[in-house]
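Right, one structure below, let's go through it.
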Number of protein chains: 2
Amino acid sequence: MAEDAQMGTDLTKNQQLVFDALSGADGPLSAYTILDLLRERGFRAPPQVYRALDKLVDIGLVHRLESLNAFVACRHPGCDTHEETIAFAICEDCGKVAEISDDALSDELGQIAGRSGFLLKKSTVELRGICGACRAA
Amino acid sequence: MAEDAQMGTDLTKNQQLVFDALSGADGPLSAYTILDLLRERGFRAPPQVYRALDKLVDIGLVHRLESLNAFVACRHPGCDTHEETIAFAICEDCGKVAEISDDALSDELGQIAGRSGFLLKKSTVELRGICGACRAA
DNA sequence: TGTCGGATGTTATAAGGTAACGTTTCTTGT
DNA sequence: ACAAGAAACGTTACCTTATAACATCCGACA
């Protein structure tokens, strides 16, 4: 029976380990970095990481940063409840990533797509630059 | 050479070959696909392709699609001003890529960055979905 | 003419990602 | 409870993408 269609899905052991690794990091991690972090917990090969990542991304608990080939735990509140466009601001100095949810941006992307008759499924928005903290430093 | 209609840029032989390969394609090409296409023209190894691509991307004649690990020749009208944000609409059906320049989008991204004190250097916007032609078909 | 820097050629290897297959472990219907 | 199917797991092997490092070639130019 479908007992939990809305609340946080239970993660499997591997998914939880990967998610914890990402949550504990203060920046994006590559799949192979995660693998190395989890070797002492029994991980031995890439598919174990990628399978967990695939699921976590699917659920919405983890985001993939296309321009970095890396992954971050979702820190946006209520991220698993709706699929809106999320932009990422990636600091090229400190490596940290800020997650930005912006309705005007979502609308704008929707309009751009609509104008060209494009059926939009997923948007990737990644901003590269220097974060406020690094600029101040 | 005579084929190069861009001002202020004279491409080397390898750069021209890579650019021509991309211009002749009707979709994005991976670096290794380009390598294969250019083997008969003397290309033998990845660095030859990547070096040319690096320069072409730098100049702005070629765009890198982060979510595909692939490259497209710039087809945006007035591409000689490469400072604006360009969005790509990638059709998951036919594989073609539309290049979209949109001031409202640029503004919006600038505002988002400014609001968080982020010094924006480069924006990556890639939309995945189904293009108009494929929807109609 | 020598030399200096950019472009090139080449080998080797790092880094990212997946196919395929067998086994284990959960579900679920009866 | 138990068989059967589904989902997750472990493992090997392999593919794709990208770069490091080093040698060479070639044109600009003092």
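Below, read A as the first sequence line, B as the second, and so on, with proteins coming before strands; counting in each chain starts at 1. Quick note: numbers below take in every heavy atom, side chains included, and nothing from hydrogens, waters or symmetry partners.
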- request: Would you confirm whether A:E99, through its side chain, and A:R75, through its main-chain N or O, come within 3.5 Å as a donor-acceptor pair?
  value: yes
- prompt: Could you give the CG-to-P distance, from A:D54 to D:dC9, as a whole number of Å?
  reply: 12 Å
query: Is a side-chain donor or acceptor of A:E126 paired with a backbone partner of A:S67 at a separation under 3.5 angstrom?
result: yes
Contact under 4.0 Å: A:N69 side-chain N or O vs C:dG17 OP1/OP2: yes
query: Given atom CD of B:E66 and atom P of C:dG16, what is their separation to the nearest angstrom?
result: 14 Å
For B:A73 against B:F19, the heavy-atom pair lying closest together: CB-CE1, 4.2 Å
- prompt: In whole angstroms, how far is the P atom of D:dA8 from the CD1 atom of A:I59?
  reply: 9 Å
field: Shortest side-chain distance from B:T12, nucleotide among C:dA7, D:dA18, C:dG17
entry: C:dA7
query: Among all residues two or more places apart in sequence or in another chain, which pass the ring-ring contact (aromatic ring centres under 6.0 Å, His included) test with B:F43?
result: none
- request: Would you kindly give the NZ-to-C1' distance between A:K55 and C:dC26, to the nearest whole Å?
  value: 13 Å
query: For D:dT19, does OP1 or OP2 lie under 4.0 Å from any side-chain N or O of B:Y50?
result: no
task: For DNA chain C, find the residues of residues 87-95 of chain B with a heavy-atom distance under 4.0 Å and give them by number; none if there aren't any.
output: none
- prompt: Can you check the B:L65 CG to D:dT17 C1' distance for me, whole Å?
  reply: 15 Å
- prompt: Which nucleotide in the set C:dT8, D:dA18, D:dG10 lies at the smallest distance from any side-chain heavy atom of B:R51?
  reply: C:dT8
message: At 10 degrees resolution, what angle do the end axes of the helix from C:dT1-D:dA30 to C:dT30-D:dA1 form when each is taken over five base pairs?
response: 30°
Atom-to-atom span, CG of A:L68 to P of D:dT17 - whole angstrom: 18 Å
message: Show the nearest heavy-atom pair for residues B:C91 and B:C131, with the distance to one decimal.
response: SG-N, 3.4 Å
message: Closer than 4.0 angstrom, basic N to acidic O: yes or no for A:D93 and A:R135?
response: no
field: Under-4.0 Å side-chain N/O to phosphate OP1/OP2 contact, A:Q48 with D:dC9
entry: no
query: What is the minimum heavy-atom distance between A:A31 and A:V49, and which atoms define it?
result: O-CG1, 3.6 Å
message: Near DNA chain C, counting only heavy atoms under 4.0 Å, which residues of residues 25-44 of chain A show up?
response: A:S30, A:Y32
task: Could you check which of C:dG9, D:dC9, C:dG17 has an atom nearest any side-chain atom of A:N14?
output: D:dC9
field: For A:P28, all residues meeting side chain to side chain contact (heavy atoms under 4.5 Å, CB included), sequence neighbours excluded
entry: A:L65, A:L68, A:A70, A:V72, A:V97
Spacing between A:D10 atom CG and D:dA7 atom C1', to the nearest angstrom: 14 Å
- request: Side chain of A:P47 only, please: which of C:dG17, C:dT10, C:dT18 is the nearest?
  value: C:dT18
message: Nearest whole Å is fine: how far is D:dA7 C1' from A:Q15 CD?
response: 10 Å
field: Closest contact, heavy atoms only, B:F71 versus B:R64
entry: CZ-NH1, 3.2 Å
- prompt: So, for B:S106 and B:T85, which heavy atoms are closest and what is the spacing to 0.1 Å?
  reply: OG-CB, 3.4 Å
message: Looking only at the side chains, is there a donor atom on one of B:D107 and B:Q111 sitting less than 3.5 Å from an acceptor on the other?
response: no
- prompt: Who are the side chain to side chain contact (heavy atoms under 4.5 Å, CB included) partners of A:R44, not counting sequence neighbours?
  reply: A:Q48
query: Taking the side chain of B:K13 as its heavy atoms from C-beta onward, which of D:dA20, D:dT11, C:dT8 lies nearest to it?
result: C:dT8
